[in-house]
Q: 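If you scroll down you'll find the structure; I have some questions about it.
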Amino acid sequence: MEEYLKIEREKEWRVELRTKLKNKERTTIERVQMPGLDPIERIQYQDREVNLGLDEASAITEASRCMDCVNPTCIEGCPVSINIPKFIKNIERGEMHEAAKTLKETSALPAVCGRVCPQEKQCEAQCFYTLKLKKEPVAIGYLERFAADFEQNSGSISVPETAEKNNIKVAAIGSGPASLSFAGDMAKLGYDVTVFEALHEVGGVLKYGIPEFRLPNRVVDVELASLEKMGVKFERNFIVGRTASFDDLKEEGFHAFFVASGAGLPRFMNIPGENFNGILSSNEYLTRVNLMNAAKSEFDTPVLRGKNIAVIGGGNTAMDSVRTAKRLGAERAMIVYRRSREEMPARVEEVLHAEEEGIEFLNLNNPIEYFADENGRVNRMRLQKMELGEPDASGRRRPVVVEGSEYDIPVDVVVVAIGVSPNPLVPSELPELKVSRWGTIEVDPETMQSSIPDLFAGGDIVRGGATVILAMGDGRKAAAGMHQYLQTKQNNLVSEPSAIKNAD
Amino acid sequence: MYQIVQKEQFSEKVVKLVVHAPRIARSRKPGHFIILRIDEQGERIPLTIAQADKGAGTISLVVQKVGISSTRLCEMNPGDQILDLVGPLGKATHIHKVGTVLACGGGVGIAPLLPIVEGFKKAGNRVVTVLAARSKDLIILEKEIRQWSDEVIIMTDDGSYGNKGLVTTGAEQVIQREQVDECIAIGPAVMMKFTALLTQKYNIPTQASLNAIMVDGTGMCGACRASVGGETKFTCIDGPEFNAHQIDFDELILRLGGYKNEEKEAWERVIG
Ligand SMILES: Cc1cc2nc3c(=O)[nH]c(=O)nc-3n(C[C@H](O)[C@H](O)[C@H](O)COP(=O)(O)OP(=O)(O)OC[C@H]3O[C@@H](n4cnc5c(N)ncnc54)[C@H](O)[C@@H]3O)c2cc1C
Ligand code: FES
């Protein structure tokens with residue numbers, strides 16, 4: 001790895017580019033600002049992307065801030081080790097397609113990750129500017145999005161080359177980022193890949209969860225189309241374990257499975273009144289709006305609207321919900337979070353955008369009870385103030401109750417966004433599968449192989465609610481692990497070669 | 001796409017649709033349901049599988065016009081295609097040999113009751129079924145139910161068919177006359193609530209199948225949550241059948257009205 005990075009860094013064009021500008025000059029350039037829609041305007045629309053993306057000139061300027069460090073610490077911050085300086089330097093010299101190709105060496109969904117990764121905690125946190133110069137980091141996320149969008153918009157998207165078809169059927173269960181990256185890698189290796197999805201739409205959280213104003217569906221659709229071009233098949237409305245069992249699929253010729261069924265099960269707080277009408281999970285709220293188009297009048301699915309909408313939680317899901325509420329006309333759209341802004345797990349940019357859009361933050365507050373009218377519709381919630389105590393296991397300061405601080409506020413919709421548990425559908429169909437106390441599937445962290453040898457798993461079903469990039473990284477590891485496993489199995493079977501290839 | 005191959009009009013508001021869905025026809029068990037979406041604009045509607053024919057690869061669904069989507073579905077015809085259909089969902093009914101089973105079905109609840117009655121009968125039980133509806137034309141699938149019941153008692157609110165009275169009247173007659181080992185109730189929430197109260201009085205284990213509001217049907221959204229024994233359960237993955245004596249029916253009834261205003265607005269939009 002280090003060797004490879006060194007060789008790449010010593011390529012002539014990179015050496016030459018480094019001499020073009022002095023580092024001192026590079027460090028005096030201000031970090032680029034992401035152009036975006038005006039907050040007053042954008043909250044009128046559910047489906048207009050807030051960030052508009054960099055133009056070519058500002059991308060090149062931003063790219064020239066990067067000093068192409070000898071020791072690129074940024075890469076250590078990236079969960080899939082993208083060769084960050086190489087793609088950025090390609091932008092600087094105007095080779096945008098090369099930049100996109102570099103991203104694709106390790107990342108299956110760069111246009112998605114450029115939009116949704118928590119860069120401020122990953123690559124940008126390890127940038128030389130952040131670590132040593134105490135300046136704003138190079139905008140690695142913006143540049144990633146720029147290069148990926150450039151390729152998508154150019155119309156000439158490179159479809160990765162695929163090896164000769166080996167006619168070995170493998171299945172991916174779920175169609176979120178983990179599965180999509182798995183499918184891409186397996187197709188490249190020549191496998192016959194089918195992705196099974198329970199819902200009527202492919203993409204997992206990228207489609208039903210993350211709103212259009214943050215991640216447009218078309219960005220995901222381009223990636224799906226390129227997988228289809230590589231020969232990946234998609235089966236919608238198909239719940240593996242239900243519509244057909246694992247055994248049925250084995251009989252139909254599938255040799256191995258990658259389970260990436262996500263962490264779909266929403267958690268509630270189990271406080272009095274939580275089942276009143278008007279109180280729902282963020283998954284339900286976002287699914288109605290994003291998957292079922294409930295906000296558009298020509299669609300049948302309804303969504304609850306209200307004047308006072310409270311969203312419980314401080315993660316990305318909470319931000320997506322509260323900003324959706326604002327767009328659906330809430331006068332008061334509030335975040336109720338039991339810690340302070342500093343501990344919020346949401347991406348910093350989402351919190352900033354929410355603030356610009358007039359979202360109220362009731363930080364250091366926790367709901368303890370709901371009240372309803374005679375029809376059972378919530379109309380009031382009781383909050384309790386919190387303060388921060390000693391750090392807990394996660395390193396964040398633990399919220400403690402301020403005694404006697406209860407007060408009530410009027411609400412007509414409450415969205416609960418306090419986290420998810422692993423989807424139990426697959427584990428409940430496979431009693432022999434080893435799962436943790438929390439219901440996540442246990443795997444070998446290198447190969448992603450589970451306690452059932454022909455079953456691999458990754459993404460949120462293994463990690464609990466995590467991130468797109470980690471899910472994607474798991475998909476890639478699982479592809480490598482499964483390939484290795486199937487090859488070994490095949491080699492062991494040379495004496496009876498029909499066993500693996502012609503089972504169907 | 002899932003083709004409608006046959007349609008039968010049970011009453012003005014209730015139809016039976018036979019739909020081509022071979023995989024589901026093969027893997028479904030009594031108690032299972034499906035979720036379908038007619039077209040791009042449609043809602044995801046949960047419907048219990050009333051019958052299945054493995055050979056023909058079809059499942060039967062009984063649909064009542066209630067909201068826009070179900071009305072649109074009722075107006076579809078043989079040859080028409082349903083865009084999305086997924087299943088089988090939910091936990092299958094726990095069918096076992098217990099002795100005498102009292103099966104109570106109200107209105108369209110008779111449809112999901114049918115495979116359960118069949119299951120209990122095939123498992124060697126004595127099955128007494130009480131079918132109840134507002135009037136004669138709303139008693140559906142009587143012939144099929146009779147095929148798998150030792151006795152069928154019919155109750156109508158207006159006395160237009162069978163005996164006049166509610167399901168509980170018929171059920172209580174049976175309970176007072178013979179030993180009942182298990183009861184299953186499917187129908188409107190109020191009907192299940194009173195059946196549960198009745199059987200609780202006589203200490204008869206009872207299951208009820210909940211028709212909660214749903215979106216995905218895979219445990220992802222929690223729209224279908226219900227309080228059972230003081231705990232929140234997801235009807236789509238923990239149910240749809242629960243111990244009827246532990247279900248908070250009053251909460252269920254309120255929750256079923258959760259989108260009433262939004263539904264009304266949508267109607268006004270469609271009717272204009
Ligand atoms: C609203 C929201 C916002 C988020 N924002 C961010 C963000 O900004 N940045 C970030 O990095 N992460 C974010 N996340 C987290 C991120 O989306 C997840 O970590 C990631 O999508 C997990 O990917 P996955 O492939 O494991 O599963 P998922 O994307 O959850 O996909 C799983 C799919 O499997 C299907 N499925 C389940 N069981 C079966 C079965 N038996 N058969 C067939 N299909 C099945 C499900 O229907 C689902 O579509 C967000 C999550 C949410 C909900
Ligand atoms: S219908 Fe969504 S969780 Fe049950």
Side-chain angles (χ1 to χ4, degrees), chain A residues 197-201 205 208-209 236-239 241-245 248 261-270 274-288 291-294 296-305 372 374-377 416 420-425 428, chain B residues 2 21 23-24 26-28 32 34-45 67-69 72 83-91 215-227 231-232 234 237-238 248 250-263 265-266 269-270:
Chain A
E197 170 55 52
L199 294 172
H200 57 257
E201 174 90 49
V205 171
Y208 76 69
R236 295 162 176 83
N237 300 315
F238 198 121
I239 305 179
R242 290 312 197 87
T243 310
S245 66
D248 291 338
S261 48
L265 209 67
R267 277 195 221 128
F268 287 90
M269 293 175 70
N270 295 317
E274 209 175 20
N275 287 348
F276 283 134
N277 290 327
I279 305 175
L280 66 169
S281 74
S282 50
N283 270 6
E284 177 179 353
Y285 190 60
L286 294 172
T287 300
R288 284 178 181 270
L291 184 73
M292 306 308 295
N293 286 300
K296 297 190 187 137
S297 66
E298 59 285 21
F299 289 80
D300 293 351
T301 303
V303 61
L304 295 173
R305 296 179 195 246
E374 67 283 3
N375 298 319
R377 171 76 183 250
V416 183
V420 282
S421 303
N423 190 317
L425 272 175
S428 71
Chain B
Y2 302 79
R23 280 205 188 260
I24 300 172
R26 223 178 306 144
S27 50
R28 71 96 214 191
H32 279 151
I34 56 100
I35 285 195
L36 63 76
R37 193 174 71 132
I38 304 170
D39 54 23
E40 277 298 322
Q41 279 70 40
E43 286 174 80
R44 289 174 67 93
I45 323 173
I68 333 176
S69 295
R72 292 210 286 129
L83 182 61
D84 299 298
L85 195 152
V86 66
L89 299 162
K91 287 208 166 94
V215 181
D216 57 297
T218 62
M220 188 190 84
C221 77
C224 61
R225 62 197 196 278
S227 295
E231 263 183 67
T232 294
F234 286 10
I237 50 168
D238 301 321
D248 183 341
D250 293 329
E251 180 189 280
L252 175 76
I253 292 166
L254 281 179
R255 286 188 63 78
L256 284 170
Y259 284 84
K260 235 186 338 210
N261 292 337
E262 289 72 18
E263 284 267 326
E265 277 166 30
R269 196 190 77 224
V270 171

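To find a chain, count down the sequence lines: A is the first, B the second, and so on, and within it residues start at 1. The model shown is predicted, which means the values in this text are computed figures rather than measured ones.
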Q: For a side-chain contact (heavy atoms from CB on, under 4.5 Å) check, start with the C-alpha distance between Met220(B) and Leu265(A), then their side-chain angles and the critical distance, and finish with the verdict.
A: CA-CA 5 Å; Met220(B) 188 190 84; Leu265(A) 209 67; over 6 Å; no

Q: What is the distance from atom OG of Ser27(B) to atom CG of Asp248(A), rounded to the nearest 0.5 Å?
A: 7.5 Å

Q: Where does Val303(A) contact chain B at under 4.5 Å (heavy atoms): side chain, backbone, both or neither?
A: backbone

Q: Test of understanding: with salt bridge (charged side-chain N to carboxylate O under 4.0 Å, His left out), list the residues that count as partners of Arg23(B), not counting sequence neighbours.
A: Glu252(A)

Q: Calculate, to the nearest 0.5 Å, the distance between atoms SG and CG belonging to Cys221(B) and Leu286(A) respectively.
A: 11.5 Å

Q: Distance from Arg236(A) atom CZ to Leu83(B) atom CG, nearest 0.5 Å?
A: 10.0 Å

Q: Counting heavy-atom pairs under 4.5 Å to chain A, which of Ile237(B), Thr218(B), Ile24(B) comes out on top?
A: Thr218(B)

Q: Can you name the residues that form a salt bridge (charged side-chain N to carboxylate O under 4.0 Å, His left out) with Arg28(B), not counting sequence neighbours?
A: none

Q: Among Tyr285(A), Phe276(A), Phe268(A), Phe238(A), single out the residue with the greatest number of heavy-atom pairs under 4.5 Å to chain B.
A: Phe268(A)

Q: For the candidates Val420(A), Asn283(A), Leu280(A), which exhibits the highest count of non-hydrogen atom pairs separated by less than 4.5 Å from chain B?
A: Asn283(A)

Q: Taking the side chain as C-beta and beyond, is there a heavy-atom pair between Asn237(A) and Leu85(B) under 4.5 Å?
A: no

Q: With a 4.5 Å limit on heavy-atom distance, are the side chains of Thr232(B) and Glu274(A) in contact?
A: no

Q: Nearest 0.5 Å, please: how far is CD in Glu298(A) from CD in Glu40(B)?
A: 11.0 Å

Q: Against chain B, work out which of Asn275(A), Leu304(A), Asn375(A) has the most heavy-atom pairs shorter than 4.5 Å and name it.
A: Asn275(A)

Q: Could you tell me the separation between the CG atom of Leu36(B) and the NE2 atom of His200(A), rounded to the nearest 0.5 Å?
A: 12.0 Å

Q: Could you walk me through whether Thr287(A) and Asp216(B) pass the side-chain contact (heavy atoms from CB on, under 4.5 Å) test, one step at a time?
A: CA-CA 9 Å; Thr287(A) 300; Asp216(B) 57 297; 5.7 Å; no

Q: Below 4.0 angstrom, N of the basic side chain to O of the carboxylate: do Asp300(A) and Arg72(B) qualify?
A: yes

Q: By a 4.5 Å heavy-atom criterion (distance strictly below it), what part of Arg37(B) contacts chain A: side chain, backbone, both, or neither?
A: side chain

Q: Report the distance from atom CG of Leu199(A) to atom CZ of Arg44(B), rounding to the nearest 0.5 Å.
A: 5.5 Å

Q: Could you pull out the closest heavy-atom pair between Ile279(A) and Arg225(B), with the gap in Å?
A: O-NH2, 2.9 Å

Q: Between the side chain of Arg242(A) and the main-chain N/O of Gly87(B), is any donor-acceptor distance below 3.5 Å?
A: no

Q: Run Ile239(A) and Leu89(B) through side-chain contact (heavy atoms from CB on, under 4.5 Å) and show every step you take.
A: CA-CA 9 Å; Ile239(A) 305 179; Leu89(B) 299 162; 3.2 Å; yes

Q: Taking Gly376(A), Gly264(A), Ser421(A), Pro266(A) one by one, which has the highest count of heavy-atom pairs under 4.5 Å against chain B?
A: Pro266(A)

Q: So, for Arg288(A) and Tyr259(B), which heavy atoms are closest and what is the spacing to 0.1 Å?
A: NE-OH, 3.1 Å

